[in-house]
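Order of the sequence lines sets the chain letters (A, B, ...), proteins ahead of strands, with each chain counted from 1.
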Number of protein chains: 2
Amino acid sequence: MNNLSSAEKKATLESITIDCVIFGFKAGNLEVLLVRHGEGISKDKWGLPGGWIYKTESTDDAANRLLLELTGIKDIYLEQLRAFSDPDRFPLSRVITIGYYALIKEEDYDLKAGATAAEVAWFKVSQVKDLIYDHAQILEIGLKRLRRRIKQEPIGFNLLPQKFTLLQLMHLYEEILGKEMDKPNFRRKILKMNLLTPLNEKEKDVSHRAAKLYQFNPETYQQLLEKGFNFEF
Amino acid sequence: MNNLSSAEKKATLESITIDCVIFGFKAGNLEVLLVRHGEGISKDKWGLPGGWIYKTESTDDAANRLLLELTGIKDIYLEQLRAFSDPDRFPLSRVITIGYYALIKEEDYDLKAGATAAEVAWFKVSQVKDLIYDHAQILEIGLKRLRRRIKQEPIGFNLLPQKFTLLQLMHLYEEILGKEMDKPNFRRKILKMNLLTPLNEKEKDVSHRAAKLYQFNPETYQQLLEKGFNFEF
DNA sequence: TTCCTTATAGTTTATTTGACTACAAGTATA
DNA sequence: TATACTTGTAGTCAAATAAACTATAAGGAA
């Protein structure tokens, strides 16, 4: 499938689209990235970033391209959620959409609404409402996946700044899993995993005892990934 | 999307198909259901049961229909794996396929090759080779999912006969996870979960001490599902 | 200096694992 | 009939883990 003209390359598949659930974390809140559409039947309504797939690209590539085009975000790890295929999910025709999701540090990316998007913004997950089509369902499945995943893989670190305190990390878990935890126990368990590298630095500008800062250690992460582990706190 | 003629109902989507990975378990071996195609470009080659999706049905419905048409198996719980979207996966045109998987008791179903299938049969997973298109990859992903799932949900019971011994169950785990286990410890752990109902029956026609038979208890299963659990043995 | 908040260390008890040993209940065979 | 053999089932024990706490340290703020 090479040697195609530019127009041919941009030919899209008819009945399949992509939609992305992008999670971020700020000020103790789990957030999701939404776009207000600038054209089409969903004009001026908020929904997940997504769109049509070129005939020449994989869905993984399509997800990355669409996200860049719509929001300015690029080079992130998008994982497939699943296909959403209710025959009536899209009002104009029969369209199956493939959901993707990702976790990113909000601070690392500048949002920039692309050509077909009127606006891009982060919304607290707990306050999202009135999404187009079945996007609420896709978000819900994304959230479920995130909750399951965070208990089995240390993916939470993708949501925090480079340097963070143990309490920030614990709050992230509390927010995502929706339950309170015990500080000393959390400390002990997470430190024993050797997943965090302590830094010779402390928090600044806090009105109480400053906590030590830590960094995520990608090497131990790889080892843990292979032998499997349990993050149930 | 109602009030359509029969021909309209059978119109299919152009670039999407379904493929099913159906696992069974017999004589200590994990098996997978394959069909030898009777027509099309994959005629006479073995592959996963699958096919085209009607415009009026969800992918879940399509998976069930196709499985029935091709193999005679119906009313089973099929779970979606994910979409497979390599632009070159299908030689004739750009087609994305959505994988499904299921676990069934082989004894409960009679195989019957449908109109477009020349033959249907169970194959030991360890001995499968030369599947059409990217079906080997789909099978592999299905197997990975099975291994992950069986550690977190008591799905293994779908593969055993109604009444089974603890050793049979342990062998199932050993086969799927590919590692040996300790009998007494396995007993203790699985029994404590209250997931099995002991029967007043024993094995028959065995040339050694007969083991007690157990049954799966769907009620406790529901409870366990909700609060989550860990089947790591 | 005292109070308040958060960080961090440590204790205690119950529970869970993993690696074993021991014995029971059958069948096969000598 | 006795003995060996195979598999089932019960129990032991030490080590690791988890959950619920208590206690103390380190700051800033009043």
Peer 1: With the side chain counted from C-beta on, respond yes when Ile98(B) and Phe84(B) share a heavy-atom pair under 4.5 Å apart, and no when they do not.
Peer 2: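 The answer is no; the side chains never approach within 4.5 Å.
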
Peer 1: Can you tell me the distance, in whole Å, between the CG atom of Leu191(A) and the P atom of dG10(C)?
Peer 2: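 Atom-to-atom, Leu191(A) to dG10(C), this comes out as 13 Å.
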
Peer 1: If you restrict it to nitrogen or oxygen atoms, what contacts under 3.5 Å exist between nucleotides 23-28 of chain D and the protein, and what is each distance?
Peer 2:
residue: dA25(D); atom: N3; partner: Arg209(A); partner atom: NH1; Å: 2.8
residue: dA26(D); atom: O4'; partner: Arg209(A); partner atom: NE; Å: 3.4

Peer 1: For atom NZ of Lys189(B), is the number of surrounding heavy atoms from other residues, nucleotides or ligands below 6.0 Å larger than 12?
Peer 2: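 Above 12, so yes.
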
Peer 1: How many Å lie between CG on Asp182(B) and P on dT12(D), as a whole number?
Peer 2: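 In whole Å, dT12(D) P lies 16 Å from Asp182(B) CG.
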
Peer 1: So, are Glu174(B) and Lys179(B) salt-bridged, with charged N and O less than 4.0 Å apart?
Peer 2: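 No, no charged N to carboxylate O under 4.0 Å.
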
Peer 1: Would you confirm whether the ring centroid of Phe164(A) sits within less than 6.0 angstrom of the ring centroid of Tyr214(A)?
Peer 2: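 Ring centroids of Tyr214(A) and Phe164(A) are no less than 6.0 Å from each other.
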
Peer 1: Grab the CG-P distance between Asp205(B) and dT27(C) for me, whole Å please.
Peer 2: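 The answer, rounded to whole Å, is 10 Å.
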
Peer 1: To check you understand the geometry: which heavy-atom pair defines the closest contact between Thr17(A) and Arg89(A), and what is its length?
Peer 2: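 Minimum heavy-atom separation between Thr17(A) and Arg89(A): OG1-NH1, 4.5 Å.
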
Peer 1: OP1, OP2 of dA16(D) versus side-chain N and O of Lys192(A): anything below 4.0 Å?
Peer 2: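 No, no such contact exists.
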
Peer 1: Round to the nearest Å and state the distance from Glu203(B) atom CD to dA24(C) atom C1'.
Peer 2: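 One finds 16 Å between C1' of dA24(C) and CD of Glu203(B), rounded.
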
Peer 1: Counting only side-chain N and O atoms of Lys183(A), is one of them less than 4.0 Å from OP1 or OP2 of dA7(C)?
Peer 2: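 So the side chain of Lys183(A) is within the cut-off, an N or O lying under 4.0 Å from OP1 or OP2 of dA7(C).
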
Peer 1: In whole Å, I'd like the distance from the CE atom of Met181(A) to the P atom of dA7(C).
Peer 2: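 Checked: the CE to P distance equals 16 Å.
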
Peer 1: What is the nucleic acid contact for Leu166(B), judged by heavy atoms within less than 4.0 Å: base, sugar-phosphate only, or nothing?
Peer 2: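 It contacts nothing in the nucleic acid.
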
Peer 1: With the threshold set at 4.0 Å, does a side-chain nitrogen-carboxylate oxygen contact exist between Arg145(B) and Glu79(B)?
Peer 2: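 Salt bridge: yes.
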
Peer 1: Rounded off to whole Å, could you give me the CG-to-C1' distance for the Asn185(A) and dT8(C) pair?
Peer 2: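 That distance rounds to 13 Å.
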
Peer 1: Remember a base hit wins even if backbone is also touched, and classify Lys212(B) as base, sugar-phosphate or nothing at under 4.0 Å, heavy atoms.
Peer 2: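 If one applies the 4.0 Å heavy-atom cut-off, Lys212(B) turns out to touch the sugar-phosphate alone, with no base involved.
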
Peer 1: Separation of Arg187(B) atom CZ from dA19(C) atom P, in whole Å?
Peer 2: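 The distance from CZ of Arg187(B) to P of dA19(C) comes to 19 Å, rounded to the nearest Å.
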
Peer 1: Give the rounded distance in Å between these two atoms: CZ of Arg188(B) and P of dT12(D).
Peer 2: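 Checked: the CZ to P distance equals 11 Å.
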
Peer 1: How about Leu195(B) and Asn217(B): do any of their side-chain heavy atoms sit closer than 4.5 Å?
Peer 2: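 No, too far: nothing below the 4.5 Å cut-off.
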
Peer 1: Just to confirm, is there a sub-4.0 Å distance from OP1 or OP2 of dT17(D) to any side-chain nitrogen or oxygen of Lys189(A)?
Peer 2: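 Answer is no, no contact under 4.0 Å.
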
